[in-house]
Amino acid sequence: MAALLESSQNTGSDLFFDVCCSVCEEDGINKEGLFHCQKCSKTYCDECVLMHNKVLKNHPVTSKCAGDNWPVSTMLDDTLELCEEHRTEKLTMFCEDHEKLLCHVCHLRNHKQCSEVVLLADKVKSATQRMNVAQMSKTLEQIQKSLQDIVDREKQNKKSLKASYDLVLKEVLDFRQKINVNLDLLQQNTLRELETKHASANASLEDHLQQCLQFISKLKGFGTKLKGNLPPERSFITFRKCLDHTAAADSLLNSMINNNGADMKLLPNSELLQCLADCTDLGKITSRIGEPKHNVDPNKFISIHEKSQYNVHTATDSDKSCITGICETSNGDLVISDYSNCCVKLLNQAYKVIDQVKLPSHPWSMCNISSLEIAVAVSDHTANAPNGIYFLQADNEKITQIKVLKINHVCTGIAYYDAELFVTSGSALYQYTMDGRLIKKLYEDTSTTFTVVGVGVSPDGKRIYVTDTSNRKLLTLTRDGAVAATLQDPAFKNIYVMCKIHVAAAGQVFVSGVVSISQVDADGKKILNTITLNMYYNGPVYLNEDKRKLLLGVWNNDNIIEFKIKTNLT
């Protein structure tokens, strides 16, 4: 057993690598070369490169991940004719039984009994006509492209994973902070009770002390007087007072006779301790690689019924509400943006406004960043107010402003995907990082005003939808900004310039018109269904497939509209 283990350690992996570690290979160990030093003309594995970098700090090292910049790809030519199993031996034969290239060691050890082993020189003469080099080249290119697509996808997945990791880390720390706040409150309440009871008990002891001292003083005085030569009348008065004070002192003594010791104790909240003891974490972490988030057909028709409406007007509103955005938090609360009153309102699940935050200008649209965080596009075309993206957090029945990104153009539409923001200006679509750095301008149309207003992104991030309210169009763009589809329809008519586009979590696309809502297919090429409404100036739409609700905001209307969904989405 020890010999087998030693053999395994000496030879390393049995896999064949296109480039091996030069150092390990000298020791008879087979490990992949992942780094190359041009000055040393050697390749190194992930362990050997550490020693190289420590000893030869001035030698630049190139990683294999550099792709086309990997300088040792030409070394394949030197190893092409070598056996993959016996790396110092040249390939000289071909086994027809196993369709495998052989060196003489392979032949002697494993293919001696095979019925037909031919020399490569003879095999080439008979196989040249059957080799379709062009087809093989095409196959290699196709496989390389497929692999590169996977590489690109996995890089994107890593980026998405890092963004979700950062988000979960923030949520864990925020949750811990909430626990700290609650524990601080419990501590304050307990300390307040401690101070109150200590003050009360101390006052009681001080009162007893003072009473005792007073009796001692009085009784001592009476005792002195009784011993003196007093007239009969004064002697009687003194005697009677002695009896009265003695009786009062006895009463005090009897009331205090059991007051032997004074202290305070804490009886810990065993329920709290047990609750914490029963918990093993602050929350469960779920992870996903390659599994679909939804099993919903994005092109299935949505039909509605049972209309309800809920008033969202507040005492601080100066005008009727003009709802321009609807989002939802993980606990089921709603967040709506009110254009005319320059605010964002937090609604509980009964649609009651429980908090709101004022903004310096008009909110044009909004989108979810996480389960509790919302981004709002804020601009004012007439007052020359600063444009920006306002990040809000809605939690624990409160909505608060987290940060602001100042943007040097008008902000109308906003969407979020994979740690990046997509913001429209009315004539262009921009891609930003979460800290406000411009990545690039994806699309622009300056033919007239309001050609790029609303924006939404498909759940897989491959398609970006923008609304052209001037020409009543919906444009579907690729991630690089190319127009993949254009859909023009009178139903997209928009009297007020609002974003009025919603891409649901499962991929359904909705464009709201004046008196209707159009459901568009995921490719943005046709209208699947038109939901006609008996109300005008429709605003944003929000679909909650889990609760089977379709929500609608209306311009110049204090009500948010709820429709029940008839359709079974799955």
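What you are looking at is a predicted structure, and each value in this text was computed from that prediction instead of being measured. Keep in mind that the numbers below use all heavy atoms, side chains included, and drop hydrogens, waters and symmetry copies.
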For residues [X] and [Y], report the shortest heavy-atom separation together with the two atoms involved.
| X | Y | answer |
| --- | --- | --- |
| Asp319 | Ser340 | OD2-O, 3.9 Å |
| Ser365 | Gly413 | OG-CA, 3.2 Å |
| Leu475 | Tyr443 | CD1-OH, 3.3 Å |
| Thr412 | Gly426 | OG1-N, 3.6 Å |
| Cys499 | Trp364 | SG-O, 4.0 Å |
| Tyr416 | Leu421 | CD1-CD2, 4.0 Å |

Kindly write out the residues that satisfy side-chain contact (heavy atoms from CB on, under 4.5 Å) with [X], not counting sequence neighbours, or none if the list is empty.
| X | value |
| --- | --- |
| Leu169 | Tyr165, Leu173 |
| Thr449 | Ser470 |
| Leu528 | Asn299, Phe301, Gln519, Asp521, Lys526 |
| Ser447 | Asp445, Thr451 |

Using only atom types and a distance under 3.5 Å, with no angle test, would you say the side chain of [X] pairs donor to acceptor with the backbone of [Y]?
| X | Y | result |
| --- | --- | --- |
| Asp489 | Ala491 | yes |
| Ser361 | Ser379 | yes |
| Thr424 | Val453 | yes |
| Arg479 | Arg463 | no |
| Thr467 | Gly454 | yes |
| Ser516 | Gly513 | no |
| Thr43 | Cys20 | yes |
| His59 | Lys39 | no |
| Lys564 | Arg548 | no |
| Ser321 | His313 | no |

Mind checking the [atom1]-[atom2] spacing from [X] to [Y]? Nearest 0.5 Å is all I need.
| X | Y | atom1 | atom2 | value |
| --- | --- | --- | --- | --- |
| Ile336 | Leu334 | CD1 | CG | 8.0 Å |
| Thr62 | Gln38 | OG1 | CD | 7.0 Å |
| Cys327 | His502 | SG | NE2 | 9.0 Å |
| Lys159 | Leu161 | NZ | CG | 13.5 Å |
| Glu373 | Thr329 | CD | OG1 | 13.0 Å |
| Ile374 | Cys367 | CD1 | SG | 9.0 Å |

Taking the side chain as C-beta and beyond, is there a heavy-atom pair between [X] and [Y] under 4.5 Å?
| X | Y | result |
| --- | --- | --- |
| Val503 | Val457 | no |
| Ile304 | Lys549 | no |
| Tyr465 | Val511 | no |
| Asn387 | Asp380 | no |
| Asp338 | Asp317 | yes |
| Tyr44 | Leu50 | no |
| Asn559 | Val312 | no |
| Val404 | Ile389 | no |

The complete set of salt bridge (Lys or Arg N to Asp or Glu O under 4.0 Å) pairs with one or both residues in residues 396-412, sequence neighbours excluded, reads Asp355-Lys398

Test side-chain hydrogen bond (donor to acceptor under 3.5 Å, both in side chains) applied to [X] - qualifying residues, sequence neighbours left out:
| X | value |
| --- | --- |
| Gln148 | Asp152 |
| Ser370 | none |
| Tyr542 | Glu328 |
| Asp46 | none |

Please determine whether side-chain hydrogen bond (donor to acceptor under 3.5 Å, both in side chains) holds for the pair Ser337 and Thr324, giving the CA-CA distance in whole Å, both sets of side-chain angles, and the decisive distance to 0.1 Å.
CA-CA 6 Å; Ser337 54; Thr324 54; 2.9 Å; yes

Exercise for the section: Using the side-chain contact (heavy atoms from CB on, under 4.5 Å) rule, take Glu32 and Cys45 through it: C-alpha gap first, then chi angles, then the decisive distance, then the call. Expected result: CA-CA 6 Å; Glu32 184 177 14; Cys45 64; over 6 Å; no

Taking [X] first and then [Y], would you say they form a salt bridge - that is, a charged N and a carboxylate O separated by under 4.0 Å?
| X | Y | answer |
| --- | --- | --- |
| Asp435 | Arg437 | yes |
| Lys162 | Asp166 | yes |
| Lys352 | Asp333 | no |

Set out, in order, the CA-CA distance, both residues' side-chain angles and the distance that settles side-chain contact (heavy atoms from CB on, under 4.5 Å) for Gln431 and Glu420, then state yes or no.
CA-CA 7 Å; Gln431 184 178 0; Glu420 292 177 349; 2.5 Å; yes

According to ring pair (Phe, Tyr, Trp, His ring centres under 6.0 Å), who are the partners of [X], at least two apart in sequence or on a separate chain?
| X | result |
| --- | --- |
| Tyr432 | His409 |
| Tyr351 | Tyr310 |
| Tyr390 | none |

Review point. Any side-chain donor-acceptor pair under 3.5 Å between Thr316 and Gln356?
Key: yes

Discussion item. Any donor-acceptor pair under 3.5 Å linking the side-chain atoms of Glu171 with those of Ser371?
Written reply: yes

Only residue of Val554, Ile560, Asn557, Asn556 satisfying side-chain contact (heavy atoms from CB on, under 4.5 Å) with Ile323 is Ile560

Would you sort out whether Ile565 and Phe563 count as a side-chain contact (heavy atoms from CB on, under 4.5 Å), showing the intermediate values?
CA-CA 6 Å; Ile565 297 174; Phe563 295 99; over 6 Å; no

